[in-house]
Amino acid sequence: MSTSIPLSSVLIPHHIAIIMDGNNRYGKANALGRGEGHIAGKDALDPIVEYCLETGVQVLTVFAFSSENWQRPPSEVALLMRLLASTIHEQMPRMNKYRIRLRFIGDSSQLDDELQALMLDAEAKTAHFEAMTLVIAISYGGQWDIAHAAKQLALKVEASDLRAEDIDSDLLGQYVQLADAPAVDMLVRTGGEYRISNFLLWQTAYAELFFTQTLWPDFTANELADMIAEFAQRQRRFGKTSEQIETQVLR
Ligand code: IPE
Ligand code: IPE
Ligand code: MG
């Protein structure tokens, strides 16, 4: 680890979310064939998962395919779907070895039946693992997520199970994806863009943001360790004043 701060003194984020961006640029920069950047990207995930597990992160959520990525050329979409299926196959023995629960978020109705079945099977087989949770966002969009939650509430109102005046942010927050997980503490985006690209809009409301020029296939556990060390140095105020936060810490 390139930081001098010992891990034990670092405040560990409970939930890290990563926008794994930059695969195609990595492919071009390394004169790889079409799609090979995505293959390199698939392999970059394992050391990050292992590092999060060792560090005590509870939930790692990675953005693998966005609701907007459906607009890419059909051949690229097909390749990404094949890679997602092989990722799930390859991850299963690792999930068993490390006792990691695998979950998926996103609009799975857009995915083909075989992939949906594979995802359900992986979730069922790892549901009892408690060492960490790895969440893979596939066909996911933050706006879809919020609209989907709103629809659940609307159905309850329609069925007279809920009064519209009882809807507030706490209630809506119980219907978004990962409502049962801690809020995202750290949002990391590789690949040098400074945007959220419709990732976890609700869940990142108070996340600390980290952007790096490193392209996803080049991203390492060392770089994540440095970000976690910086995370521990930031004062999260959640709307309060510094003085309020300092007295809270002293108490
Ligand atoms: C991220 O890499 C992977 C997906 C969006 C599926 P990109 O394919 O977006 O790579 P760049 O950003 O074009 O380099
Ligand atoms: C975000 O990357 C989605 C994933 C990493 C899966 P994109 O490459 O699709 O984002 P934009 O289009 O550049 O914002
Ligand atoms: Mg991109």
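If you read the sequence from its start, that first residue is 1, and numbering goes on from there. Numbering of ligands and ligand atoms starts at 1, following listing order. What you see below is based on every heavy atom in this structure, not just the backbone, and it leaves out hydrogens, waters and symmetry mates.
- With no hydrogens or angles considered, a side-chain donor-acceptor pair links S197 and R189 at under 3.5 Å.
- Applying the 6.0 Å contact sphere to CD of E114 captures no more than 12 heavy atoms from other residues, nucleotides or ligands.
- Using modelled atom types, one finds a donor on one side chain and an acceptor on the other under 3.5 Å when comparing Q91 with D46.
- Those atoms of ligand 2 that come under 4.0 Å of a heavy atom in R195, given as number and element, are 11 (P), 13 (O), 14 (O).
- Listed by chain and number, M20, D21, G22, N23, N24, R25, H38, A64, N69, R72, L80 each place a non-hydrogen atom less than 4.0 angstrom from ligand 1.
- For Q174 and D180, the side-chain atoms include no donor-acceptor pair closer than 3.5 Å.
- Partner of L60 under the side-chain contact (heavy atoms from CB on, under 4.5 Å) criterion, out of T133, I136, I48, V135: I48 alone.
- No part of Q71 comes within 4.0 Å of ligand 2, judged by heavy-atom distances.
- A donor-acceptor contact under 3.5 angstrom links the side chains of Y140 and D145, judged on distance only.
- Below 30°, between 30° and 60°, or above 60°: for F238 and Y206 the angle between ring planes is between 30° and 60°, a tilted geometry.
- Between H15 and D185, the side chains place no donor N or O within less than 3.5 Å of an acceptor N or O (distance only, hydrogens not considered).
- Here the Mg ion (ligand 3) has protein N, O or S atoms under 2.8 Å from it, and they come to 1.
- The environment of CD in Q143 is sparse: at most 12 heavy-atom neighbours from other residues, nucleotides or ligands sit within 6.0 Å.
- Once rounded to the nearest 0.5 Å, the distance linking CD1 of I16 with CZ of F231 reads 8.0 Å.
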